[in-house]
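As the structure lists them, so they are numbered: ligands from 1, and atoms in each ligand from 1. Owing to the predicted nature of the structure, the values given are computational and were not obtained by experimental measurement.
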Amino acid sequence: MDLGDFSLDKFNSEIPAKCISIPQERIKSSLDDLKSLLLNLTKQNCIIQSDKPGFKNILLAPDAEIPSSYSIYEVTEIKVQKTYLNYTYAEAMRILLPENMTIPTGFETIGHIAHFNLTHEQFPYRYLVGKVLINKTPNIKTVVCKVSKIDNVFRTFKMEIVAGNPDCYTIVNEGSCRFGFDFQEVYWNSKLSKERDRVLASIDPKDIICDAFAGVGPFALRAAKKGCKVIANDLNPSSYKYLIQNSARNKVKTHVAGFNLDAREFLKKFLQTPRQVPPTEDLSKIQDFSYLPSTFDHLYMNLPMDAIEFLDILRGSFDRTIWTKLPTVHVYGFANESNSGYILTDRLLQIWGPFDTSCIQIIQVRDVSPRKFMYCLEFIVPETIAFTDEKHMRVELQDFPIKKQKLHEQE
Ligand SMILES: C[S@@+](CC[C@H](N)C(=O)[O-])C[C@H]1O[C@@H](n2cnc3c(N)ncnc32)[C@H](O)[C@@H]1O
């Protein structure tokens, strides 16, 4: 086993143990009964062969107090060879890393890939971390480390493959869908799956969904799987490619129209293009906005960095004769403190001008870091904003100087 500069010798030791001989058919229940007394090895390694036919040995800690119900079985004191194979990932790392260093354990799993975000102090040990994790975790085949912050429009980051198979094309299960994508090319965050569950629970299978920042489709395609018709868009050509592939993979192709546009252009075209009647049934065939359904029920906008900035496009863009029911918006944003989602509402007031903000529900989704929180603002587009023919309510955008607040730091 290759551990780079580190020798496996340091893992080899002889440790004392009690060895109890148990009939083979009782091994499983005995392992449960004696769980707290087992020798400090993996459970599997605590069972060894016995010379006695029909028996197996269970290894217990040298000071184990064997319960009286087990006094009928033979117990001997032995020495056991402990090797690298008997160590867990954390135990092995404790031996390999400097004494005071925190063992990197908080990795994210994306299919067969483990993604570490190591501290400056841990970073020089990344190859070692990767090799040991692959040795010890059967489903992990590739280990990557983040080497730059998320600093581009596609919300991807530079990563180094530190161990294992260099192929970063992976498959992730979420809900009843499977998503395939190259983790180096697109955004993916499994930590948002619960949030997607929450929003999906609020939508009806008959609803039409518009996902303006769809990525490879975790929300859009799960909605399609529920029976919804979905219009999904992403600016990243790779995300768009996997979105289309994944709609076929999940057998929801006819329910999904995909676009590869800037969200502003996408929303503008959706809202302004006159429609052919009737709209095309098989959405996968649609490349022209004029064949799309003319309204949607939910607008999902998961680009917390600045999705709110795209909402100006909604102001005065709805045709009253078409939109008999205005859509619910689910828009994400970051703020610097806990319970500070109202900052995002303030920003919307700057963008739209005065409107009754009591329609907005603010949900704190998760803490991204100690000083960065993700929020979801949910509301039905107010009539006074949607329809510009409400002249008495209408306030020109330029009347409200837009001052873009620094709502968050870079990830
Ligand atoms: C935070 S990710 C969310 C993706 C997806 N909803 C998910 O949860 O996995 C934001 C997505 O918005 C896309 N994006 C960024 N700027 C965009 C823009 N101006 N128009 C459309 N999509 C954009 C990125 O490529 C990325 O896939």
Side-chain angles (χ1 to χ4, degrees), residues 108 110-111 113 115 146 149-157 170-175 177-200 203 209-225 228 230-247 250 256-271 289 298-314 329-334 344 363 365-366 368-369 372-377 404 407-408 410-411:
E108 197 191 341
I110 309 103
I113 303 170
H115 164 221
K146 192 176 194 172
K149 289 178 175 178
I150 293 183
D151 58 1
N152 65 51
V153 72
F154 298 152
R155 315 308 293 145
T156 55
F157 55 87
T170 194
I171 306 273
V172 178
N173 296 320
E174 192 183 294
C177 291
R178 281 163 76 71
F179 299 94
F181 53 89
D182 188 318
F183 188 48
Q184 294 194 91
E185 296 172 23
V186 299
Y187 175 92
W188 178 267
N189 189 346
S190 296
K191 288 183 193 144
L192 291 175
S193 69
K194 289 257 167 331
E195 170 59 10
R196 290 189 274 267
D197 293 346
R198 182 188 71 78
V199 181
L200 285 164
I203 67 174
I209 311 296
C210 178
D211 188 345
F213 307 97
V216 301
F219 181 81
L221 302 187
R222 286 185 62 192
K225 199 76 179 172
C228 299
V230 179
I231 300 109
N233 172 70
D234 201 282
L235 184 61
N236 181 347
S238 297
S239 300
Y240 169 74
K241 176 181 79 182
Y242 295 123
L243 172 79
I244 301 301
Q245 283 178 10
N246 288 327
S247 69
N250 290 290
V256 181
F259 293 91
N260 179 208
L261 296 170
D262 171 70
R264 187 175 295 279
E265 190 189 343
F266 165 71
L267 288 170
K268 209 168 164 177
K269 281 190 165 157
F270 188 100
L271 294 165
F289 283 76
H298 293 265
L299 173 57
Y300 191 75
M301 301 178 78
N302 178 18
L303 176 66
M305 188 72 184
D306 58 4
I308 283 194
E309 304 302 318
F310 289 77
L311 288 177
D312 60 332
I313 212 80
L314 302 190
V329 176
H330 312 260
V331 61
Y332 292 84
F334 292 132
L344 301 167
I363 297 112
V365 176
R366 70 184 199 100
V368 179
S369 67
K372 186 170 174 182
F373 296 83
M374 182 175 173
Y375 293 90
C376 180
L377 264 50
K404 185 166 177 178
L407 299 176
H408 43 72
Q410 290 278 312
E411 277 161 279

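Within a 6.0 Å sphere centred on NZ of Lys268, other residues, nucleotides and ligands contribute 12 heavy atoms or fewer.
Rounding to the nearest 0.5 angstrom, the gap separating the CD atom in Glu174 from the OG atom in Ser193 is 4.5 Å. Rounding to the nearest 0.5 angstrom, the gap separating the CG atom in Leu243 from the OG atom in Ser238 is 12.0 Å. Of the inter-residue distances, the one linking His115 atom NE2 with Ile113 atom CD1 reads 10.0 Å to the nearest 0.5 angstrom. Atom CD1 of Ile209 and atom CD1 of Ile203 lie 3.5 Å apart (nearest 0.5 Å). Summarising the geometry, atom CG belonging to Leu344 is positioned 11.0 Å from atom CE belonging to Met374; distances are rounded to the nearest 0.5 Å. For the atom pair Asp197 CG and Phe219 CZ, the distance stands at 10.5 Å (nearest 0.5 Å).
Shown in contact with Ala214 at under 4.0 Å from a heavy atom are these atoms of ligand 1, numbered in order with element: 5 (C), 6 (N). Those atoms of ligand 1 that come under 4.0 Å of a heavy atom in Phe310, given as number and element, are 19 (N). Of all atoms in ligand 1, listed by their number and element, those nearer than 4.0 Å to a heavy atom of Pro218 are 7 (C), 8 (O), 9 (O). For ligand 1, the atoms lying closer than 4.0 Å to a non-hydrogen atom of Asn233 are 21 (C). Counting the atoms of ligand 1 from 1 in the order shown, those under 4.0 Å from a heavy atom of Tyr187 are 1 (C), 2 (S), 3 (C), 4 (C), 9 (O). The distance from ligand 1 to the heavy atoms of Asp262 drops below 4.0 Å at these ligand atoms: 18 (C), 19 (N), 20 (N).
The shell of residues lying under 4.0 angstrom from ligand 1, judged by heavy atoms, excludes Met305. Ligand 1 lies within reach of Ala212, whose nearest heavy atom is under 4.0 Å from it.
Inclusion of Ala263 in the set of residues having an N or O under 3.5 Å from an N or O of ligand 1 is warranted. On a distance-only criterion, Asn189 and ligand 1 share no N/O pair closer than 3.5 Å. Remark: ligand 1 and Arg155 share no N or O pair separated by less than 3.5 Å (distance only, no angle test). Here's the thing with Arg196: one of its N/O atoms is less than 3.5 angstrom from an N/O atom of ligand 1. Checked against a 3.5 angstrom limit, the closest N/O atoms of Asn302 and ligand 1 fall inside it.
Only backbone heavy atoms of Leu261 (N, CA, C or O) come within less than 4.0 Å of ligand 1; its side chain stays farther off.
Of the listed residues (Phe179, Phe183, Tyr242, Phe157), just one forms a ring-ring contact (aromatic ring centres under 6.0 Å, His included) with Trp188, and that residue is Phe179. Of the residues Asn250, Asp211, Leu221, the one that meets the side chain to side chain contact (heavy atoms under 4.5 Å, CB included) test with Val256 is Leu221.
Asp234 OD2, 2.7 Å is the protein heavy atom nearest to atom 27 (O) of ligand 1. Looking only at heavy atoms of the protein, atom 15 (C) of ligand 1 is closest to Val153 O, 3.0 Å. For atom 22 (N) of ligand 1, the closest heavy atom belonging to the protein is Leu235 N, 3.2 Å.
The two atoms that bring Tyr187 and Thr156 nearest to each other are N-CG2, 3.9 Å, heavy atoms only.
Compare Tyr242, Phe181, Phe213 by their heavy atoms: the one nearest to atom 17 (C) of ligand 1 is in Phe213.
Side chain of Asp234 to main chain of Gly215: a donor-acceptor pair is present (N/O by atom type, distance under 3.5 Å, no hydrogens or angles).
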